[in-house]
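The structure appears right after this line, and notes come after that.
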Amino acid sequence: MQPIASIFPLLNQPKKVVITTHQKPDGDAMGSSLALYHLLVQLGHSVTVISPTNWASFLNWMPSSKEVLDFERQTEKSTTFINEADWLFCLDFNTLSRTKNMEDVLLKAKGDRVLIDHHREPQTEVFTYGVSDTSKSSTAEMVYDFICKSGNNEKITPDIASCLYAGVMTDTGSFRFPSTTASVHRMVAELKDKGLVHSSIHEELYDNFLENRFRFIGNILTNRMEVLYEYNTALIAIPQADLIKYDVKVGDTEGLVNYPLSIKGIKLAVIIIDRGEERKSSFRSKGDFDVNTFARKYFNGGGHYNAAGGFNKETLEEVVVKLKVAIKENAEQLSS
Ligand code: 5GP
Ligand code: MN
């Protein structure tokens, strides 16, 4: 993988570009992709953003989100764009498997794959160009760096600023995680100077839920949460029946793993959701417990040191048992 700066001199030649990100894109995935989209369109490229799957409706306020293709629903059209692209920007994921059914199509594409990502252990051999930096708060921050380092700072519009802000804000837990460096705050100051209205973005993302989501949260906190004080761990296991009963939509479960993490003394919070086709888990930790390694070892997943995810094919009950065994195996680190 050559340094991403190698493509800076090529940015002024019009190209066919595809931008993609991980399945079920979150605020950072969608925000960084659309920010880059708006920049590259201004530079005269022909650009298509393709998501491997659908996404949460609370991201639909993002400028040009309506142009984003859903690979699962528009497979043929998306495949044509991917096959014809000169550049395939891969944002906010480290391995092509994170694009689910798109993996093979991306691998076979003739264009150059370009990585911009902050997850550990990137699959560098499949990218022609790229930047991987696990110290970065978000991929949005990295797209901001890309824009500035390629000399396009003056092209940051309020639309680009909104997308970048949404990405960095959601990936830093509203600027609370240790990854929130002074540079992150400097970037936000710069975005404010470019016309960012941050308060409306918080409203779009956090004040737009329906009543059923709160009834659902009440239910899971009362009936589905278990606190294992001995291991400073809290877990929530959600059966599929709950998702159906409360009409839970994509995105309604995002961030719920943070509730048990705010219980005093809790170092590890886990949520396991039975999504039918698989059991999806999210892990969050405080301090020196590495959930990236934990998710990799037991749950076919990965992510960051303090935030990771994974999935299993076993039943929900079996995954809970597996988790409890894993917790016991890590008792020394968790109990201290
Ligand atoms: P979340 O819990 O919000 O789904 O994900 C937290 C972090 O873990 C994100 O940075 C995400 O990219 C990563 N992650 C989530 N699920 C998976 C997975 O199945 N595999 C891998 N490798 N990473 C994941
Ligand atoms: Mn991210």
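As the structure lists them, so they are numbered: ligands from 1, and atoms in each ligand from 1.
In this structure, Phe146 and Phe8 have perpendicular ring planes: the angle between them is above 60°, well past the 30° mark. Aromatic ring orientation, Phe294 versus Phe299: tilted (interplanar angle from 30° to 60°). By the 30° and 60° cut-offs, the orientation of the rings of His119 relative to His22 is perpendicular. The aromatic rings of Trp87 and His45 lie tilted to each other, with the angle between the two planes from 30° to 60°.
When heavy-atom distances to ligand 1 are checked against a 4.0 Å cut-off, Glu254 has no atom that comes that close, whether in backbone or side chain.
The distance criterion of under 3.5 Å between nitrogen or oxygen atoms is not met by Phe283 with respect to ligand 1.
The closest non-hydrogen atom to atom 24 (C) of ligand 1, taken over Gly302, Ala307, Gly303, Ser97, comes from Gly302. The option with the heavy atom closest to atom 18 (C) of ligand 1, from among Gly309, Ser281, Ala295, Ser138, is Gly309. Comparing heavy-atom distances from atom 10 (O) of ligand 1 across His118, Arg98, His119, Arg284 singles out His119 as nearest.
Interface of Ser282 with ligand 1, defined as ligand atoms under 4.0 Å from a residue heavy atom, comprises 1 (P), 2 (O), 4 (O). The Phe311 neighbourhood of ligand 1 comprises atoms 19 (O), with distances under 4.0 Å to a heavy atom of that residue. Counting atoms of ligand 1 from 1 in the listed order, those under 4.0 Å from a heavy atom of His304 are 10 (O).
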Verdict with supporting geometry, Tyr259 and Ile217, side-chain contact (heavy atoms from CB on, under 4.5 Å)
CA-CA 10 Å; Tyr259 282 79; Ile217 294 172; 3.9 Å; yes
Start with the C-alpha distance between Ile201 and Leu196, add both sets of side-chain angles, then the distance that settles side-chain contact (heavy atoms from CB on, under 4.5 Å), and finish with yes or no.
CA-CA 9 Å; Ile201 295 175; Leu196 168 71; 3.6 Å; yes
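Annotation: atom 20 (N) of ligand 1 to nearest protein heavy atom, Gly301 CA, 3.6 Å.
Hydrophobic clustering, with ILVMFWY side chains joined whenever heavy atoms are under 4.5 angstrom apart, groups Ile116 together with Tyr129.
For the pair Glu318 (side chain) and Thr315 (backbone), a donor-acceptor distance under 3.5 Å is present.
Around the Mn ion (ligand 2), the protein contributes the following N, O or S atoms at distances under 2.8 Å: Asp28 OD2, Asp92 OD1, His118 NE2, Asp171 OD2.
With 3.5 Å as the limit, one finds a donor-acceptor pair spanning the side chains of Asp112 and Thr128.
The closest approach between a heavy atom of Lys280 and any atom of ligand 1 is below 4.0 Å.
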Could you pull out every donor-acceptor pair under 3.5 Å between side chains of residues 35-42 and any protein atom, sequence neighbours left out?
from: His38; atom 1: NE2; to: Pro63; atom 2: O; distance (Å): 3.0
from: Gln42; atom 1: NE2; to: Lys155; atom 2: O; distance (Å): 2.9

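A salt bridge links Lys100 to Glu277: one of the charged nitrogens lies within less than 4.0 Å of a carboxylate oxygen.
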